[in-house]
Amino acid sequence: METFQTLLAKKLADALTAAKLPNAGELTPASDARFGDYQTNAALVLAKQRGENPRNVAEKILGRVDVGDLCEPPTVAGVGFINFTLRAEAVAKKAAELLQDERLGVTKTTSTRKIVIDFGSPNVAKPMHVGHVRSTVLGDALARIAQFFGHEVIRDNHIGDWGTQFGMVIYGWKNLLDRQSLQRDPIAELVRIYKETNERSTKDPSVREACRQELVKMQSGDAENLSIWKQCVDLSMGDFERAYKLLDIHYDIQRGESFYNDRLPKVVERLLKSGLAEISEGAVCVFFRDIPELADKPCIIRKRDGGYNYATTDVATVDYRINDLKADTIWIVTGAPQILHFKQIFEIARREGYKADFRHITHGSILGENRKLMKTRSGDNVPLRELLDEACARARKIVEEKNPDLSDTEKIDIAQKIGIGAVKYADLSQYRMTDYVFSWDKMLSLQGNTAPYLQNAYVRIRSIFRKAGETQTKIDQLVLAEAAEINLAKLLCQFAEVVPQVLNDFRPNILANYLFELANSFHTFYEACPVLKSEEPARSSRLALCDLAGRVLQRGLDLLGIKVPEKM
RNA sequence: GCGCCCGUAGCUCAGCCGGAUAGAGCAACGGAUUUCUAAUCCGUCGGUCGGGUGUUCGAGUCACCCCGGGCGCGCCA
């Protein structure tokens, strides 16, 4: 199904051809409602190219443009913009078509790609914390959207399960472990022994050396240490799974760093053999002397002591994803500090001849009220579990207040949808690169650009249908008369124009902002236009509009990984 | 020293490929409710887009310089 934007772009292209002008400029949504619904700067661009007066060029185009019954006659405005205003009948017709469309107008891609999306990546023996929220939530949303477009998506959790932290964890396990605590709350106990060991090792060089030895033993295959490692991995994975269940996050594969162990020597060998890597100060490095930005920043792929590091693992990971998984596209979602690292990794991959489309999708940080990285009072990372539990508890409190008569199971379900949705939406409604200040009150507010506000719009729609006793609408003709109806319907038609924009630069906030506008527009409509009490044909038409709005809200939020309750 | 990201209303933030008089939300103030959930809606107030120079018909957006904040830069991940 074509959007108004693509339909009008074609009409414009036809007009340019008829006027013997090259195709130029673009047709975009109007920057302001005063200018109608769509605008084009084609005349401005052409006038510049040809040294003519823009308004004259615009008039020339206007003489050839035939918008049929889509729009009112287009007009020239300002320095030479051409403005298009949709006719209510055309909007009504399109909305009726959308009602019949499962995909709500969003067309599938014609060039399906195989995309590995790497996001989340928590560390074993450490709790998931607030720092994992952005990568996890953003990566999941992008995966959902890519999938919706028909791409083949492989969600990969690149778990940190082989790092140097294991030296300390194993030392702690052997010397400090309390079995009962481990049974009660495994992650807390792992964290305790890790922290305590860390403290000791900073004070006592002999402890530090002992930790290093434990790590070396593990990495060289010591059975006891490997068994401790395995137990830690299993305990942590259980912890991750609980968080993912609550967050409704799913992975197709979870290839931790350890998965790549036996591939690392071959990676270094290969890079040395091909001349891409060389030995420098005892370490194996890749230099990028021809790239000014990286000229003085070599990438170490084997340490002087013969050990491998995360760069080695990441090169092996690229190999695996392209050669074994047959990916043609790799998206890696991590915080901005890793920009340099992945520039190097991707550059190495290109030099090795890989043609895949590599994207490092970076994001900013979540800050506390003090505008510094969000931490607990004692300075630790805020555990994810506590964060999510509190979100649900706070949401529960609000539900209790507003709707005390609901059953207990309903309240729990609703609180979870609102609480988790609020955390996710607070993140996704913002441009990914900017740091943002975490605020319970703001994200759980019923007013403003929040998940509960959007969910409430959906709930109001469901409420209408419960009252009507009708599950869905069965009409093929809408009658749009009131401004609030027309505006809502136009917005609904834009869903298919907005969703593709998200993948343009990986900005789910574009979709979030659209959904906020939609919810706002729906609320305005709701205030201005009675549905069930109005006369036919308005009643059926408005019911259909509600149906469509509910489905777009539900689908849009689903693409962001957010659920909608039926009541709240 | 080199590099990356950010700087927009009192606060929190949108403004992708340069387009018209820079937009929301919150807060503040003023209105609307015998209602399909007022958990909402409508209105008012509020900005030399950090500063400067340049590119051009046009710059919050691009280039260069400066200021301020955050982060990263050979053996942690």
Side-chain angles (χ1 to χ4, degrees), chain A residues 25-26 28 30-32 34-35 39 41 44-45 47-48 53-54 77-81 83 121 123 160 162-165 257 280-285 287 292-305 307 309-311 313-314 334-341 343 362 364-365 367 371-373 398-399 401-403 429-431 433-437 439 441-442 445-450 452-453 455-457 459-468 484 501-502 504-507 509-510 512-513 516-517 520 523-534 542 546 567-568:
Chain A
E26 53 190 359
T28 59
S31 59
D32 190 297
R34 285 187 304 253
F35 306 133
Q39 65 182 44
N41 61 351
L44 297 176
V45 176
K48 184 178 190 173
N53 179 305
V79 286
F81 290 96
N83 292 334
S121 313
N123 292 313
W162 200 248
T164 43
Q165 77 263 30
E257 290 169 347
S280 166
E281 294 175 35
V284 179
C285 300
F287 286 90
E293 202 187 313
L294 299 179
D296 58 343
K297 295 171 173 58
C299 178
I300 294 176
I301 55 169
R302 194 178 69 202
K303 297 186 285 185
R304 198 195 325 227
D305 67 5
N309 59 12
Y310 75 136
T313 309
D314 281 344
T334 77
Q338 296 192 46
I339 287 176
L340 174 62
H341 169 68
K343 246 178 209 162
T362 55
S365 313
L367 308 179
R371 308 232 61 185
K372 303 222 179 260
L373 276 184
I398 298 171
V399 174
E401 227 170 79
K402 303 289 185 186
N403 228 333
S429 59
Q430 222 125 230
Y431 174 54
M433 282 308 292
T434 37
D435 298 346
Y436 72 90
V437 175
S439 161
D441 291 339
K442 274 180 189 156
S445 169
L446 288 313
Q447 291 147 19
N449 191 4
T450 66
Y453 176 84
Q455 288 167 324
N456 182 234
V459 163
R460 281 183 141 185
I461 292 167
R462 300 312 305 154
S463 177
I464 290 174
F465 280 97
R466 270 197 304 277
K467 196 122 189 170
Q501 288 179 47
V502 175
N504 224 340
D505 191 33
F506 310 107
R507 297 183 185 225
N509 64 306
I510 291 177
N513 291 339
F516 171 62
E517 273 179 48
N520 194 200
H523 280 133
T524 303
F525 159 83
Y526 183 92
E527 298 285 334
C529 305
V531 177
L532 300 177
K533 287 174 193 161
S534 59
R542 287 175 182 177
C546 287
K567 299 176 188 172
M568 64 190 277

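Below, each value reflects all heavy atoms present in this structure, side chains not excepted, and no hydrogens, waters or symmetry copies. Every chain is numbered from 1 and lettered A, B, ... according to where its sequence line falls, protein lines coming before strand lines. The structure displayed is predicted, hence computed values, not measured ones.
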Note to self: Side-chain N or O of A:Ser429 versus OP1/OP2 of B:C13: is the shortest distance under 4.0 Å?
What the structure shows: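 For B:C13, OP1/OP2 do not have a side-chain N/O of A:Ser429 under 4.0 Å.
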
Check: Distance check: side-chain N/O of A:Arg507 vs OP1/OP2 of B:G15, anything under 4.0 Å?
Finding: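 Answer is yes, contact under 4.0 Å.
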
Notebook entry, point to check: Is there a side-chain contact between A:Lys297 and A:Leu340, using heavy atoms and a 4.5 Å cut-off?
Noted result: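 Heavy-atom side-chain distance check passes, below 4.5 Å.
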
Next item on the list: Report yes if some heavy atom in the side chain of A:Asn83 is under 4.5 Å from a heavy atom in the side chain of A:Phe81; otherwise report no.
Entry: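 Side chain of A:Asn83 against side chain of A:Phe81, heavy atoms only: contact under 4.5 Å found.
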
I'd like a table of atom pairs between the protein and nucleotides 32-35 of chain B - only N or O on both sides, under 3.5 Å - with the distance next to each one.
from  : atom 1 : to       : atom 2 : distance (Å)
B:U35 : O3'    : A:Lys533 : NZ     : 3.2

Check: Any stems for RNA chain B, made of 3 or more Watson-Crick or G-U pairs in a row, each with both distances under 3.5 Å?
Finding: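 Output for stems: B:1-5 with B:69-73, B:10-13 with B:23-26, B:28-32 with B:40-44, B:50-54 with B:62-66.
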
Interatomic distance where [atom1] belongs to [X] and [atom2] belongs to [N] [whole Å]:
X: A:Ile510; N: B:A14; atom1: CD1; atom2: P; answer: 12 Å
X: A:Phe465; N: B:C36; atom1: CZ; atom2: C1'; answer: 11 Å
X: A:Tyr431; N: B:U8; atom1: OH; atom2: C1'; answer: 15 Å
X: A:Leu367; N: B:C11; atom1: CG; atom2: P; answer: 16 Å
X: A:Tyr453; N: B:A39; atom1: OH; atom2: P; answer: 13 Å
X: A:Asp505; N: B:C5; atom1: CG; atom2: C1'; answer: 14 Å
X: A:Glu401; N: B:A39; atom1: CD; atom2: P; answer: 11 Å

Rounding to the closest angstrom, what is the interatomic distance between [N] and [M] at atom [atom1]?
N: B:G31; M: B:G68; atom1: C1'; answer: 43 Å
N: B:C41; M: B:C17; atom1: C1'; answer: 37 Å
N: B:G25; M: B:G19; atom1: P; answer: 23 Å

Notebook entry, point to check: Between A:Val437 and A:Val399, which has a closest nucleotide on RNA chain B that is more 5'?
Noted result: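 The 5'-side residue here is A:Val437.
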
Checklist line | Residue whose closest nucleotide on RNA chain B lies nearer the 5' end, A:Glu293 versus A:Thr434 | finding: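 Looking at RNA chain B, the more 5' nearest nucleotide goes with A:Glu293.
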
Would you please name every residue forming a salt bridge (charged side-chain N to carboxylate O under 4.0 Å, His left out) with [X], sequence neighbours left out?
X: A:Asp505; result: A:Arg432, A:Arg507
X: A:Arg34; result: A:Asp32
X: A:Lys567; result: A:Glu410
X: A:Glu527; result: A:Arg460

Item checked: Considering all heavy atoms, the nearest A:Pro452-A:Met568 contact ->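 It is O-CE, 3.6 Å.
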
Next item on the list: Could you check whether A:Val531 gets within reach of a base, just the sugar-phosphate, or nothing at all, counting any heavy atom under 4.0 Å?
Entry: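 Touches a base.
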
Check: Just checking A:Asn504: base, sugar-phosphate only, or nothing, at a heavy-atom cut-off of under 4.0 Å?
Finding: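 Base contact.
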
Atom [atom1] in [X], atom [atom2] in [Y]: separation rounded to 0.5 Å?
X: A:Asn449; Y: A:Lys442; atom1: CG; atom2: NZ; result: 12.5 Å
X: A:Thr450; Y: A:Gln455; atom1: OG1; atom2: CD; result: 8.0 Å
X: A:Asn403; Y: A:Ile398; atom1: CG; atom2: CD1; result: 12.5 Å

Looking at residues at least two apart in the chain, or sitting in another chain, which of them share a ring pair (Phe, Tyr, Trp, His ring centres under 6.0 Å) with [X]?
X: A:Phe516; answer: A:Tyr453
X: A:Tyr310; answer: A:His341
X: A:Tyr436; answer: none
X: A:Phe525; answer: A:Phe522

Notebook entry, point to check: Which nucleotide in the list B:A14, B:A39, B:G3 gets nearest to the side chain of A:Met568?
Noted result: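 Closest nucleotide to the A:Met568 side chain: B:A39.
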
Check: For the side chain of A:Met433, counting heavy atoms from C-beta on, which of B:C5, B:C13, B:A39 is nearest?
Finding: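 Ranking B:C5, B:C13, B:A39 by closest atom to the A:Met433 side chain puts B:C5 first.
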
Item checked: Sugar-phosphate or base contact per nucleotide [nucleotides 17-28 of chain B; S, B, -; heavy atom under 4.0 Å] -> B-BB---SSS--

Check: Which letters describe nucleotides 62-77 of chain B, given B = protein heavy atom under 4.0 Å from base, S = only from sugar-phosphate, - = neither?
Finding: ---------SBSBBSB

